[in-house]
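Residue numbering restarts at 1 for every chain, and letters A, B, ... go by the order of the sequence lines. This is a predicted model, so every value here is computed, not measured.
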Amino acid sequence: MRNIWTIARKELNSYFRSPIAYIVLGVFAVIFGFFFYSILSMFIRQTFMQAQYMQMYGAPMHLNVNEMVIRPLLMNLSVISLFLVPMITMRLFAEEKKTGTMELLMTSPVTDLQMIFGKFLGAFFLYAAMLGLTVLYVLLLFRYGNPDWRPLVAGYLGQLLLGGCFLSFGLLLSSITRNQLVAGSLTFTVFLLLWVIDWVSEFSGTRMGELASYLSLTTHIENFSKGVIDLKDAVYYLSVIGLGLFLTARSVESVRWRA
Amino acid sequence: MIDVQGLTKRYGRTTAVEDLHFSVRKGEILGFLGPNGAGKTTTMRVLTGFLPPTLGKVTVAGYDVMAEPLEVKRRTGYLPETPPLYTDMRVDEMLAFAGRIKGVSRRELRQRIAETAEKTAIGDSLHKIVGHLSKGYRQRVGLAVALIHNPDVLVLDEPTAGLDPKQIIETRRLVKSLAGDHTIILSTHILPEAAHTCGRVMIINAGKLVAEDTPENLTARLQGFETMRLVIEGPEALARERLARVAGVGGVSAMPEGDGRVEFSVQMQKGRDSRKELARAVVESGWGLLELRPVGLSLEEIFLKLTTTEDPAEAEVAAPESSREAATA
Ligand SMILES: Nc1ncnc2c1ncn2[C@@H]1O[C@H](COP(=O)(O)OP(=O)(O)OP(=O)(O)O)[C@@H](O)[C@H]1O
Ligand SMILES: [Mg+2]
């Protein structure tokens, strides 16, 4: 346990020693801010139209902060992480292999799994910090609106799980090369493919669509965004994370045999 | 402390180390000598548990590296060829991380950092960024990292590579002072280094053991013939003929130096000291004797003779016994 923590702390510190953490957090804050602004202003425009609507139809328009602001925001969040996670994970193993510090880790009394969990946690903390930024925006909503907090908590939980999946596969791809750039681009390509699978899943009804929708990481996020914490979805995400870490362990072990 | 039985390591098709046997007693310093690609680094990586052996049994500090790698790693400090340092950390952060990951307890960590920093003379740079240090300092930080958990066994891959002469001497002194408490195995290309620091030297080439002995014995064993260097002012052909007739001389080769001077290299038979006869022969012939001195084989020459096979005849002359012994060993 102490080993995992030692390595996680080391990873987190090194993010903040290099520009990576600041770039990731900065880019994220700007992009998220833009989405926040545009979604919110659309919502506000609709509230203004509320009065007109009342006069015309005699009934209030259905307006809900949760459904109209928070849910689309959270869905956008997963797309942003798709782009930013490769930046977080690409260095995790590739850099250590390149600079030779892998030799220090692998000749220390640390098991491969401890090393992998430690690195995963370190990256996860940075990802969580990134999500943490969005809490500031969301607090604004509480100030001016009256959103329901339950779907928010569920939504964030879903985002954390989804991010964990991205991170565990990013970690895997970082472990197969000593070149950060290769690791980063590979991860990015794989995530793009996932996104394409997402599109395909929109044409549900066809076989392809069903399969894609099952495989798609983001379809499982929808329940969370609606405020429904379904064990099935949670188990799905946890197994994907587990699979990523397991494959990483295999990859690290094979490096030991080949290198 | 270290026991290696039949170690073979292959990378795919290439065999880096083949059927290596050796052991190191507690408190001993073993020097590992060999040209580039001899398999030194590979052997050390197996000892430290970084690479699994293809064949053979390797025991370090009483534990099998394959069966109980964590126990071995707890008791081993390793300085690889390139010191494994995080260039973005400060030196003290680097040492703290290394200490934690090697299992130094929180209570002792601070003290261990201070102690190793003092031993490796990096106390003045503890707050510098590792990436800003000179190569020599990085090497020392690497050594401190290897020492941080006070390991029983130290494995040092070319510990003095890239250091200035003063630091080389200091590092050698440090390594020597560590022996006794620690069992040390170090690799080097530089022979005087092995001669100075190591109690025993193993010479390997192309993954195989070529010779193993104390540096003194190795030198003595290889010097079947002693060589004299003479510089004479006189006619080359005549002088060569005259020298060859002196009792105890095995062979003479000449190298004109210009100005009527000739340098002779005279091979003496084992155990004969014919310096007086040589001097008399030159002086009585009326030539000028400008220089006469014995040339022992330097460790470099021995090393080359043992590890290169380009000129087997010469190697045979220089090392008739040892190569036979090595072949049967
Ligand atoms: N990862 C690897 N993959 C394939 N072959 C390798 C690998 N590492 C080393 N070798 C080969 O194994 C042999 C021994 O290499 P090793 O690094 O052990 O030599 P060395 O004695 O340390 O040399 P040097 O003095 O240059 O450091 C060499 O022929 C080398 O090419
Ligand atoms: Mg080497």
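- For B/E118, the CD atom is loosely surrounded, since the number of other residues' heavy atoms within 6.0 Å does not exceed 12.
- Taking 4.5 Å as the heavy-atom cut-off, the residues of residues 68-80 of chain B that approach chain A are B/L70, B/K73, B/R74, B/Y78, B/P80, ordered by number.
- Scanning residues 98-113 of chain B against chain A with a 4.5 Å non-hydrogen threshold yields B/R100, B/I101, B/K102, B/G103, B/V104, B/S105, B/R106, sorted by number.
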- Trace of the side-chain contact (heavy atoms from CB on, under 4.5 Å) decision for B/M89 with A/K10: CA-CA 10 Å; B/M89 288 189 188; A/K10 181 214 106 192; 3.5 Å; yes
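- Among residues 92-113 of chain A, the residues having any heavy atom closer than 4.5 Å to a heavy atom of chain B are, in sequence order, A/E96, A/G100, A/T101, A/M102, A/E103, A/L104, A/L105, A/M106, A/T107, A/S108, A/P109, A/V110, A/T111.
- Around CG of A/L181, the count of heavy atoms belonging to other residues, nucleotides or ligands within 6.0 Å does not exceed 12.
- Residues of residues 14-22 of chain A having a heavy atom under 4.5 Å from any heavy atom of chain B, listed by number: A/S14, A/R17.
- The shortest side-chain heavy-atom distance between A/R9 and B/F97 does not fall under the 4.5 Å cut-off.
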